[in-house]
Amino acid sequence: MAASRKALAYGPALLALIGAASANAQTTAAPDVAQIEEVVVTAQRRSESLQAVPVTVTAFGADQVQQARIRQIDDVAGLTPGLQFDAFPASQPRISIRGIGSSDRGAAGDPSSAVFLDEIYLGRPAAVAFDAFDVERIEVLKGPQGTLFGRNVVGGAINVVSHRPDLDRFDAGAELTAGNYRRLEGAGVINAPFAGGKAAIRASGAWRAHDGYVKNTFTGSDIEDQDTRSGRLALRVEPREGVRLQASLDGTRDRATGPAQHVLDLDTSDPSSALWTVNRDRKHTAGSDNGFQNRDTWGLRLQGDVDLSFATLTYLGSYRDLDYHAAYDFDGGNPTFNRAGISGGNDEASDFSSHELRLSSLPESRVRWVAGLYAFHSQTDRRDSLVINLGRPGTEIYTQSAELQSYAAFGDVTVPVSERVSLIGGLRYSKDDKDYRVDNVAGNTVFRARERFNVLISDSYKAWTWRAGVDFKPAEHHLLYAMASRGFKSGGFQDTPASAADARDGFEPEFATQYEIGQKSSFLGGTLVWNNTLYVMKYSDLQTRRTLPNLSVVTDNAGKATIKGYETYLAWRPFSGARLVASYGYTDAKFDEFEPEPGVDYAGNRISRTPRHKLVLSPSYDLMLTGGGDLRLAVDYRYESMIFDDNANEGPERRDPTNFFDARAIYTAPGDHWSASLWGKNLSNEVTRTFQATFLGANFGAYNPPRTFGVTLNWKH
């Protein structure tokens, strides 16, 4: 608690800073300078202004999503301090928020930071597939959100909110993009009301394709390409006042090769290092095959809202299906390049469904509250294959099957105790029942295991999570808040155990308790927004994965960690046409207790894949042109300090600091019906390692995408 008190000691200084800034700030904006637009979020399961929510949220509106070419989760991560994204492979992303993430993709594992699509939990890493075309906004909620958002949000949550069908008007739009690497993209949306404005249907779809970024010199093919097709159909009906119904169907189909692997470094103290040839050429790999990443996922969502005399009753139900297949050459070589070969892949079929019933206070209620019941069910069947070729290939296969039934009850309330002060409290009870079977009998040999086995095991996990806090409005357009919150991630079972005994040795839940103080303010007549957050997170029983010398992977409850941080966000319109958005995050994430094996102590080490510093700067300028059109010039710059890719903090598994530059010039014609954008990403052609892992005397890894650029045409009705 000493660290918690230290962070909270900043409160008086922050309050003094707000008061001084308020006293010296102009009360009105210059006549020709527009205010910073209001952003509405649902971080507390109700629509509220971002500046009025006592939660640290990074939000991207529809215009920013379109203009900055935010298409998938990795684009969101690049522009969000505190959010990290590990794409190995890209079709099974590992997401980390404020240092809390998970590498466990096994059938009985769970993510530590969750993704929601229109409030629906995407329960498997490979299910995180969507296209950001026709989204209303994307919200990144930082810190434990388990009270309101449900399963496995110990680190935070990403909520993608699609556009609802509009009952009031016909609407349509289209987008076409062409770029280097033979990039070709198309997207479209149509919204049509009917039944006298009581119903509407909205349909959107997108296709995105480009050639591979990397040449495979052995097969002669390009790899790391893309062919993604997605669509969404939504129906909204409001048969009478106070009754709202909505149904939607969405799907995504991915086809890709790769990833392109490389031998990045050698450990010459290990005799196995003689098997490998270093290749740090991002443009070329030499894998014995091109690999593939194929994913098909779809989902159905139903929602009904009925306004009662005292509250709104909501039912939210869903069903989602995932069919996933991936295979890749892990060493990036062939028999003439490396003396050994490592390859493998995953095959997964998952389906999951959820039901939520909740009561929420009416918008005009003085006391704002929500209470509900939640149920989630999933079934996952997965095969993990490893092929090692030392002159004669051997194949080891782990077959996994997991069933989960999860239940929860929750409540949350905000009570004003005066005109300026409100108290906040929330509580959630969760219970997970898991059944798991794992065996390694299908392959023709074993590498990671010491024996053949077939194990069936079950367990249950229960937890109370909560939040408690206060928000204080010292003056108009200023909010101060203090919040304590606790998050929980379910326990589970081993992915690729070495023995039957290891398979039966599961791991326990992990918990995080966060103490946070924050400030959100608007100055200069709304032309300057400045928000600040200080937090301390006590992380206990954290689940960490480590690779043993025999290549088996073990998940342990590592011990304890403390994560301390500061985040700031500033949006400023200094003069007509100009805008600057700046955000910065400092994250100090270290282990307090962690002994992965006897005689090895990681206490004091940094948590992997967590940079201390992340800075994002996004200046832009709008120039009004003769004839009524306008030209926007915008740049996105982001910096991340060095990270370790392994909790040992040793050896070559580290990534140097990175600097990325994106830019765009957008011409919008008079009438705002069409626009043309010339854009570029990674303009400096920065080269960095996005994944790396060391074993058998070598450090294997992959690189980020190179410089890309293109032209996008947009039309809207």
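Asn531 contributes atom CG, which lies 7.5 Å from atom OG1 of Thr568 (distance to the nearest 0.5 angstrom). Expressed to the nearest 0.5 Å, how far OH of Tyr703 lies from OG1 of Thr285 amounts to 10.5 Å. Atom CG of residue Asp556 and atom CG of residue Asp541 lie 11.5 Å apart, to the nearest 0.5 angstrom. Atoms OG1 and CD1, on Thr587 and Ile97 in that order, are 11.5 Å from each other to the nearest 0.5 Å. Atoms OH and NE2, on Tyr586 and His613 in that order, are 6.0 Å from each other to the nearest 0.5 Å. Interatomic distance, Phe453 CZ to Arg504 CZ, rounded to the nearest 0.5 Å: 9.5 Å.
Summarising the local packing, CZ of Arg654 is surrounded by more than 12 heavy atoms from other residues, nucleotides or ligands at distances under 6.0 Å.
By the 4.5 Å heavy-atom criterion applied to side chains, Gln494 and Thr555 are counted as neighbours. You'll find the side chain of Leu542 reaches within 4.5 Å of the side chain of Phe591, heavy atoms only. Gln692 has its side chain within reach of Leu264: a pair of non-hydrogen atoms, C-beta onward, lies under 4.5 Å apart. A 4.5 Å side-chain heavy-atom check between Thr380 and Glu348 finds at least one atom pair inside the cut-off. Taking the side chain as every heavy atom from C-beta outward, Arg282 and Asn704 approach each other to under 4.5 Å. Looking at heavy atoms from C-beta onward, Lys434 lies in side-chain contact with Ser490 at the 4.5 angstrom threshold. Contact of the His325 side chain with the Phe292 side chain is registered, since non-hydrogen atoms from C-beta on lie closer than 4.5 Å. You'll find the side chain of Met642 reaches within 4.5 Å of the side chain of Pro657, heavy atoms only.
Of the possible donor and acceptor atoms, one in the side chain of Gln293 sits under 3.5 Å from a partner among the backbone N and O of Thr257. Counting only distance, with no hydrogens or angles, the side chain of Lys614 and the backbone of Gln84 share no donor-acceptor pair below 3.5 Å. Between the side chain of Arg707 and the backbone N or O of Leu683, at least one donor-acceptor pair lies under 3.5 Å.
Contact record, Ile342 with Leu386: CG2-CD1, 3.8 Å, taken as the closest heavy-atom pair. Arg428 and Thr147 make their closest contact through NH1-O, 3.0 Å (heavy atoms, listed as atom of the first residue, atom of the second, distance). Nearest heavy atoms, Ile643 versus Pro611: CG2-N, 3.3 Å.
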- request: Before giving the answer on side chain to side chain contact (heavy atoms under 4.5 Å, CB included), spell out for Ile138 and Ile158 the whole-Å C-alpha distance, their side-chain angles and the decisive distance to 0.1 Å.
  value: CA-CA 7 Å; Ile138 299 174; Ile158 301 172; 4.1 Å; yes
- request: Report the C-alpha distance between Glu567 and Asn532 in whole Å, list the side-chain angles of each, state the deciding distance to 0.1 Å, and finish with yes or no for side chain to side chain contact (heavy atoms under 4.5 Å, CB included).
  value: CA-CA 6 Å; Glu567 294 180 13; Asn532 293 275; over 6 Å; no
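Asp381 and Ser401 are linked by a side-chain donor-acceptor pair at a separation below 3.5 angstrom, with hydrogens and angles left out of the test. Inspection of the Arg98 and Gln514 side chains reveals an N or O donor paired with an N or O acceptor under 3.5 Å.
Residues Phe507 and Phe493 place their aromatic rings such that the two centres sit no closer than 6.0 Å.
Of the options Arg450, Arg448, Arg383, a salt bridge (charged side-chain N to carboxylate O under 4.0 Å, His left out) to Glu396 is made by Arg448 and by none of the others.
In this structure, Asp636 does not pair ionically with Arg69, as no charged nitrogen and carboxylate oxygen lie closer than 4.0 Å.
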